[in-house]
Amino acid sequence: MASQTGLDVLRYLVTHIGLCIDNPLVARTLGPFQDCTSNQAIAYGELSKPKHKELITSSVAEARNLLSRFPGLALEELAVEIAMVKLALRIAPHINGHVHIQTNPYYSYSVEKTTVNALRIIQLFQYLQPGFEQSRICIKIPSTWEGMVACRALEQAGVRTLATTLFTLTQAVLAAEVGCTYVAPYVNQLKVHFEPGFTDPNKLLPLCVAIQKYYKSVNAKTQFLPASLTSTDEIFAMAGVDHITIAPNLLQQLSQPDSVPQIQSLFDSDAPAVLPPSSLSFVNDESAYRLAFTRDLHGASEEKLTQVRELGSRFFKTSVLTHSYIQAVNIFCDMQDKLVQIMKSVV
């Protein structure tokens, strides 16, 4: 009799396991999986592989054909979006649930541009594969105030959204109020995936417990999906969540015999979670939301975001950081730049 794997056990403890890669092979060999996530960093990691040269070339060609439909949009930006949608369509037959696409992070502080970007992504799915079910598409949007306002409009229009780059209960409260389909708190800040040897000194595992308990207490429709996990111990500490996103290297570890970590789930702890009152509301009070976000952990949470401002055709990044954090929106902007350079190399 084969030994039980960590992945076997996890399937009993978590309602849905999501895949964190744009590679169908992992889905076929280790599935079934419910969703497949993506973002600019994941897309760059995949598209920079030589095997995707033809996909990149064809994405640029299709962007040329479609560019007149989207006035003011750069050819390379459209090509990036087409390539990301193509990766999602490749993996869609091998998973259940949603494929996730992230909007351009340079639009993180614009309601209008984020909304237009999300709707364009929906159009690209239909152009590349007519009849693909819109209900299977989930648009990932950074959890700025502007991003949340865009999520509200998109959800009302029938577009499913996920609030990403989320670090606080304040953001989670607003995400539920605007009706996001998912929230994805980062257990570890993104720096852990880009700087070898760096360990997040403030892992957000307790926050994840608080968010899910809060959502259940207010009967929120928004589903909880922790991300940016770096070890199997962290994954099993989250056993009890509705959804979880796991990177391919951790899936490989969990698929090995006798790979069940000896760690108690935080959801089994008797320690009470400090939850906000069910009456707390930010959706119609931008000032209160921004102040609450700024005050969270005396500003430590706000430090995990970097503001991106647009001026004409040039972009300026102004850091609000201390402690030398490489922050989420800033990292995704850097990855967007790298994706654009890939497309420029074949233009």
Side-chain angles (χ1 to χ4, degrees), residues 22 36-40 42-44 46-47 52-93 98-142 144 146-147 149-162 164 181 308-315 332-333 335-347:
D22 289 316
C36 183
T37 193
S38 186
N39 55 47
Q40 279 69 21
I42 293 171
Y44 175 72
E46 190 64 23
L47 290 172
H52 290 306
K53 183 177 180 180
E54 188 279 330
L55 185 151
I56 292 166
T57 302
S58 64
S59 296
V60 171
E62 285 159 342
R64 285 198 179 96
N65 293 333
L66 291 174
L67 195 60
S68 62
R69 301 188 189 185
F70 307 108
L73 189 65
L75 172 67
E76 295 83 4
E77 182 180 348
L78 182 57
V80 167
E81 292 173 6
I82 291 171
M84 291 175 73
V85 170
K86 284 187 171 188
L87 289 175
L89 288 170
R90 287 187 177 190
I91 203 165
H98 301 96
V99 288
H100 296 230
I101 300 286
Q102 187 160 297
T103 53
N104 189 329
Y106 276 110
Y107 300 156
S108 296
Y109 292 85
S110 170
V111 176
E112 179 183 359
K113 290 185 177 182
T114 295
T115 305
V116 169
N117 190 183
L119 295 175
R120 183 169 62 245
I121 290 169
I122 299 293
Q123 289 179 266
L124 291 177
F125 269 98
Q126 290 303 311
Y127 170 79
L128 293 168
Q129 187 172 313
F132 187 80
E133 306 97 312
Q134 181 177 317
S135 62
R136 293 197 65 196
I137 306 166
C138 186
I139 307 297
K140 297 178 67 175
I141 295 174
T144 60
E146 294 82 358
V149 173
C151 286
R152 186 183 196 181
L154 290 164
E155 290 282 352
Q156 290 173 350
V159 176
R160 288 164 171 78
T161 63
L162 178 150
T164 188
T181 300
V308 182
R309 295 175 179 168
E310 181 183 354
L311 181 60
S313 61
R314 299 177 62 194
F315 294 96
F332 285 138
C333 285
M335 293 299 158
Q336 175 73 19
D337 292 343
K338 290 183 177 182
L339 287 167
V340 166
Q341 288 304 314
I342 287 177
M343 300 305 161
K344 283 184 175 180
S345 70
V346 299
V347 170

task: For Leu87 and Ile42, run side-chain contact (heavy atoms from CB on, under 4.5 Å): C-alpha distance rounded to whole Å, both residues' side-chain angles, the deciding distance at 0.1 Å, then the answer.
output: CA-CA 11 Å; Leu87 289 175; Ile42 293 171; over 6 Å; no
[X] side chain vs [Y] backbone, donor-acceptor pair below 3.5 Å:
X	Y	result
Glu155	Thr181	yes
Thr114	Gly147	no
Thr103	Ala118	no
Gln126	Phe132	yes
Arg136	Ala92	yes
His100	Thr161	no

Quick one: closest heavy-atom pair of [X] and [Y], and the distance?
X	Y	answer
Lys86	Ser59	CD-OG, 3.7 Å
Gly158	Gln134	O-NE2, 3.2 Å
Pro142	Ser108	CG-OG, 3.4 Å
Gln102	Phe332	NE2-CD1, 3.3 Å
Ala88	Val99	O-CG1, 3.6 Å

field: Over 12 foreign heavy atoms within 6.0 Å of CD, Glu112
entry: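 At most 12 heavy atoms, drawn from other residues, nucleotides or ligands, come within 6.0 Å of this atom.
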- prompt: In terms of side-chain heavy atoms, does Asn104 have a donor or acceptor partner in Glu81 at a distance below 3.5 Å?
  reply: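 Looking only at side-chain atoms, Glu81 and Asn104 do not form any donor-acceptor pair under 3.5 Å.
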field: No-hydrogen, no-angle side-chain donor-acceptor test under 3.5 Å, Asp337 and Tyr106
entry: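 Distance-only check passes for Asp337 and Tyr106.
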Nearest-0.5 Å distance, [atom1] of residue [X] to [atom2] of residue [Y]:
X	Y	atom1	atom2	answer
Thr37	His98	OG1	NE2	12.0 Å
Met84	Leu55	CE	CG	12.0 Å
Glu146	Ile141	CD	CD1	12.0 Å
Met343	Thr57	CE	OG1	9.0 Å

Minimum side-chain heavy-atom gap [X]-[Y] below 4.5 Å:
X	Y	result
Ile137	Arg160	no
Ile342	Lys338	no
Glu62	Leu128	yes
Ile122	Ile139	yes
Leu119	Leu154	yes
Leu124	Leu66	yes
Gln336	Glu77	yes

side-chain contact (heavy atoms from CB on, under 4.5 Å) between Phe125 and Ile101, intermediate numbers included: CA-CA 11 Å; Phe125 269 98; Ile101 300 286; 3.8 Å; yes
field: Candidate pair Leu47 and Val80, rule side-chain contact (heavy atoms from CB on, under 4.5 Å), full reasoning
entry: CA-CA 10 Å; Leu47 290 172; Val80 167; over 6 Å; no
field: Full working for side-chain contact (heavy atoms from CB on, under 4.5 Å) between Tyr127 and Arg69
entry: CA-CA 12 Å; Tyr127 170 79; Arg69 301 188 189 185; 4.3 Å; yes
message: Closer than 4.0 angstrom, basic N to acidic O: yes or no for Glu46 and Arg90?
response: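 Salt bridge between Glu46 and Arg90, a charged N being under 4.0 Å from a carboxylate O: no.
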